[in-house]
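The structure appears right after this line, and notes come after that.
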Protein chains: 2
Amino acid sequence: MAKTKTRERVPRSSADPTRDRILAAAVDLFSERSFDAAATREIAARAGVTQPLLNYHYRSKDELWRAAVDSLFDLLERSMNDRVAEIGDGDELTAAKQRVREFITFSARNPQLHRLITQECKADSDRMDYLVERHVRPLYDRTVALFERLARDGAVPPVAPSHLYYILTGAGPTMFVLAPECRRLSGLDPESSEVIDAHADAVCLLLFGR
Amino acid sequence: MAKTKTRERVPRSSADPTRDRILAAAVDLFSERSFDAAATREIAARAGVTQPLLNYHYRSKDELWRAAVDSLFDLLERSMNDRVAEIGDGDELTAAKQRVREFITFSARNPQLHRLITQECKADSDRMDYLVERHVRPLYDRTVALFERLARDGAVPPVAPSHLYYILTGAGPTMFVLAPECRRLSGLDPESSEVIDAHADAVCLLLFGR
DNA sequence: GTCTATAATTAGATAGAC
DNA sequence: GTCTATCTAATTATAGAC
């Protein structure tokens with residue numbers, strides 16, 4: 001595998017370090033607990049501020065949640081774009097494999113994204129609405145279109161693309177979403193590059209045959 | 001937090017219909033929300049009783065959660081055993097495929113199980129302890145041992161069994177854990193036998209080559 | 001911008017009637 | 001066994017000092 005340069009996770013600096021610390025704490029706690037179970041007091045404490053300050057920077061807990069979600073998907077999009085820019089032009093299969101690898105690497109380094117999705121998409125709600133229509137659907141549409149082309153070329157097994165989508169988004173991130181469980185069950189460290197690369201290798205082998 | 005040491009809880013048909021209704025409501029709400037976000041008042045309402053009655057039947061919210069978890073894993077174990085009994089003796093590959101199919105079918109009909117696991121295994125806690133040591137580890141150990149034998153025979157791609165475990169437990173249930181999202185994104189109905197079978201086919205194709 | 005103090009609501013658990 | 005009434009603690013949001 002080609003040596004990739006380390007991509008820092010620098011959330012777009014909003015020129016306000018306090019806002020950024022609050023946002024980072026919100027991402028962590030909303031994804032680890034859930035919207036209702038994440039107390040604003042605890043988010044504030046992790047950000048090193050007092051609880052009422054959250055209501056100064058964000059109108060409500062709900063608005064803070066939306067800002068947290070936006071920042072996470074923004075980070076994903078920039079990571080994927082960086083990787084796409086790196087590979088330049090090659091055949092579609094090679095590009096697809098690179099996208100899958102980047103997706104898995106991102107999910108390993110930012111398990112919050114899939115934790116948030118599984119948190120909110122188990123039942124219909126306003127938050128699921130926001131998440132799906134604003135962020136997930138564009139990704140789903142692009143991924144399904146890609147799998148359709150790959151299946152036509154025989155580059156991927158003959159499986160309906162929606163199933164491939166849930167196979168990829170399940171098989172890729174689950175080991176990292178459940179990192180604490182994985183550590184205890186297997187003794188592996190899901191944060192290490194070795195394990196991340198091995199998992200990306202495994203998923204690509206299953207999906208693309210190599 | 002005092003650790004209750006209750007012995008011999010039998011979550012099967014407990015001959016007490018009220019207890020059973022409470023337990024079913026608890027399974028649904030704990031898995032859909034999370035431990036903290038699931039209000040005992042709401043569990044009671046769904047079971048058609050008043051909130052203080054939960055504390056009559058179960059010492060605390062925590063004990064109710066444990067009983068709910070036990071009943072879910074009990075159901076899984078009985079479903080897997082029934083399927084194993086059906087196939088009787090054949091080669092190990094055929095048996096393995098049957099186990100995978102049954103696991104996926106069960107996950108589709110009872111998405112609460114993986115919802116609960118992803119809920120609680122994102123961070124270390126007493127509940128994760130209970131879940132992993134009491135219920136998940138035995139399943140993990142058996143699954144990893146099976147994948148090890150299959151990989152030796154070349155029946156499964158040459159991938160470390162812990163990775164295969166998280167690929168299977170991710171790729172199998174995710175479509176059903178996120179059923180409301182899947183319905184909206186794809187238009188498919190993840191509760192229909194057609195979709196369930198198609199997903200089981202897809203995962204088996206990826207995992208076993210057919 | 002960030003704090004302290006507090007209001008309004010809701011949580012899980014208990015007491016006691018029936 | 002199931003209810004009503006209620007206690008205590010914790011929740012988000014607001015008011016107002018600095």
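Proteins get letters first, then strands, A, B, ... in listed order; numbering begins at 1 in each.
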Atom CG of B:Asp82: over 12 foreign heavy atoms under 6.0 Å | yes
Flag the pair A:Arg66 and A:Asp70 as a salt bridge only when some basic side-chain nitrogen lies within less than 4.0 angstrom of an acidic carboxylate oxygen. no
| task | May I ask you to say whether B:Glu92 pairs ionically with B:Arg149, meaning some side-chain N is under 4.0 Å from a carboxylate O? | result | yes
Select base, sugar-phosphate, or nothing to describe what [X] touches, counting heavy atoms under 4.0 Å on all strands.
{"X": "A:Ala38", "answer": "sugar-phosphate"}
{"X": "A:Ala44", "answer": "nothing"}
{"X": "B:Thr50", "answer": "base"}

B:Gln51 CD to C:dA15 C1', in whole Å, measures 13 Å
A:Lys61 atom NZ is separated from C:dT10 atom P, nearest whole Å, by 14 Å
Chain B reaches DNA chain D, atoms under 4.0 Å from its heavy atoms, from D:dG1 to D:dT6
Return the set of residues passing side chain to side chain donor-acceptor pair (under 3.5 Å) with [X] (not counting sequence neighbours), or none when no residue passes.
{"X": "B:Asp36", "value": "none"}
{"X": "B:Asn55", "value": "none"}
{"X": "B:Arg137", "value": "B:Glu133"}

For A:Tyr166, the ring pair (Phe, Tyr, Trp, His ring centres under 6.0 Å) test, sequence neighbours excluded, returns none
In numerical order, the residues of residues 52-60 of chain A whose heavy atoms come under 4.0 Å of DNA chain C are A:Pro52, A:Leu53, A:Tyr56, A:His57
* Would you check if A:Cys121 and A:Val132 make a side-chain contact, meaning some heavy-atom pair closer than 4.5 Å? => yes
